[in-house]
Each structure stands twice: as C-alpha cells, then as structure tokens.
Amino acid sequence: METVLVTGYAQAPQGSSMYELYKYAGIVLEVDSRNDVIVNAEFTFVTDLAKDFFRRLLIGYDMNRGSDELIAYIQKSYFAPSINSISVAVKAAFRRYEEQKSKSYNGLF
C-alpha cells in the first residue's frame, strides 16, 4: 500500500455542535507516501457540506509545504468558532506525519 493514514485532534469549542457531538475536532488524512500529497481527508464536522468543503480544500495539498500555508488558507475560507480547534488538529496531523516520516527507514516513505 502506498498511502498512510495520519490523524490530528484538538478540543472542540464548548457550546458548539461539534463539541456536543464529538468533544474534539479531528482530522484524518490519507497521504500518498511516495510524494507526500493528501489524497483523501475527513474532518469531524457535523454537516456534510463542511466535510465536503474541507475534503476538497485538502485533497492535492503537498504536505512538504507545511501546515502554516494550509492553515492560513483555511482561516481565509472558514468562518466558525471551531477555527482554532481545526488549526490545532491540522498542525497535530502534520507533526505526526513528519515524525513518522523521519523515523521511517524501511522504504515506506
């Protein structure tokens, strides 16, 4: 298999529907380990529209560009109380991917 799954989580803002349902903002990224490009993504959003919006936003993003550029784009495109939680979850997923990639020496990455 040439893709890997990486996750990131952050506490959802209290009082939000995300908090009431999940308690956390979560992201799951499927990344092509050959070129570090996101091929699929899922967030713990309540609505299908929000899930689809973020999926389209993230698919095709090169993880080598880092999380800051992606988070800046998200902040320009998403206006909701959970923006900080989403940013933290994205950073956590990127950090986890980078850590695993740097540990890997068996050719998976």
Legend entry - With Ser87 via side-chain contact (heavy atoms from CB on, under 4.5 Å) - residues at least two apart: Ile71, Gln75, Ile83
Inset, instruction - Kindly indicate, with the supporting measurements, whether the criterion side-chain contact (heavy atoms from CB on, under 4.5 Å) is fulfilled by Val37 and Tyr61. - result: CA-CA 6 Å; Val37 171; Tyr61 188 80; over 6 Å; no
Legend entry - side-chain contact (heavy atoms from CB on, under 4.5 Å) between Val39 and Ile59, worked out: CA-CA 5 Å; Val39 297; Ile59 290 176; 5.8 Å; no
Inset, instruction - Name all pairs fulfilling the side chain to side chain donor-acceptor pair (under 3.5 Å) condition that reach into residues 18-32, sequence neighbours left out, sorted by first residue then second. - result: Thr3-Glu30, Asp32-Arg34
Legend entry - Minimum-distance pair of heavy atoms, taken over all atoms of Val46 and Ser17: CG2-OG, 3.5 Å
Legend entry - Set of residues satisfying salt bridge (charged side-chain N to carboxylate O under 4.0 Å, His left out) with respect to Glu98, sequence neighbours excluded: none
Legend entry - Spacing of CG belonging to Leu70 relative to CD1 belonging to Ile38, to within rounding of 0.5 Å: 6.0 Å
Legend entry - Nearest-0.5 Å distance that lies between atom CZ in Arg96 and atom OG1 in Thr7: 4.5 Å
Legend entry - side-chain contact (heavy atoms from CB on, under 4.5 Å) partners for Asn64, two or more places apart: Asp36, Asp62, Lys101
Legend entry - Ile27 and its side chain to side chain contact (heavy atoms under 4.5 Å, CB included) partner, picked from Val90, Thr44, Val88: Val90
Inset, instruction - Give the minimum heavy-atom separation between Ala89 and Ala25, together with the two atoms involved. - result: CB-O, 3.8 Å
Legend entry - Under 3.5 Å: donor-acceptor pair, side chain of Ser85, backbone of Ala10: no
Inset, instruction - Using the test ring pair (Phe, Tyr, Trp, His ring centres under 6.0 Å), find all partners of Phe43 that sit at least two apart in sequence or belong to another chain. - result: Phe45, Phe54
Inset, instruction - Determine whether Tyr97 and Leu5 fall in the same hydrophobic cluster, where Ile, Leu, Val, Met, Phe, Trp and Tyr are linked whenever their side-chain heavy atoms lie under 4.5 Å apart. - result: no
Legend entry - Shortest non-hydrogen contact between Lys91 and Ser67, atoms and distance: CG-OG, 3.9 Å
Inset, instruction - Show the numbers, then the answer: is there a side-chain contact (heavy atoms from CB on, under 4.5 Å) between Gln100 and Val6? - result: CA-CA 9 Å; Gln100 291 302 314; Val6 62; over 6 Å; no
Inset, instruction - Report yes or no: does Arg55 contribute a side-chain atom to a donor-acceptor pair with the main-chain N or O of Ala41 at less than 3.5 Å? - result: yes
Legend entry - Gap between atom OG of Ser33 and atom CD of Glu2 - 0.5 Å precision: 6.5 Å
Legend entry - Nearest-0.5 Å distance that lies between atom CD1 in Ile74 and atom CG in Leu58: 5.5 Å
Inset, instruction - Starting at CZ of Phe94, measure out to CG of Leu29 and round the result to the nearest 0.5 Å. - result: 6.5 Å
Inset, instruction - Find the distance between CZ (Arg56) and CZ (Phe53) and round it off to the nearest 0.5 Å. - result: 7.0 Å
Inset, instruction - Could you list the residues that satisfy side-chain contact (heavy atoms from CB on, under 4.5 Å) with Pro81, not counting sequence neighbours? - result: Pro13
Legend entry - Flag if over 12 foreign heavy atoms under 6.0 Å of NZ, Lys51: yes
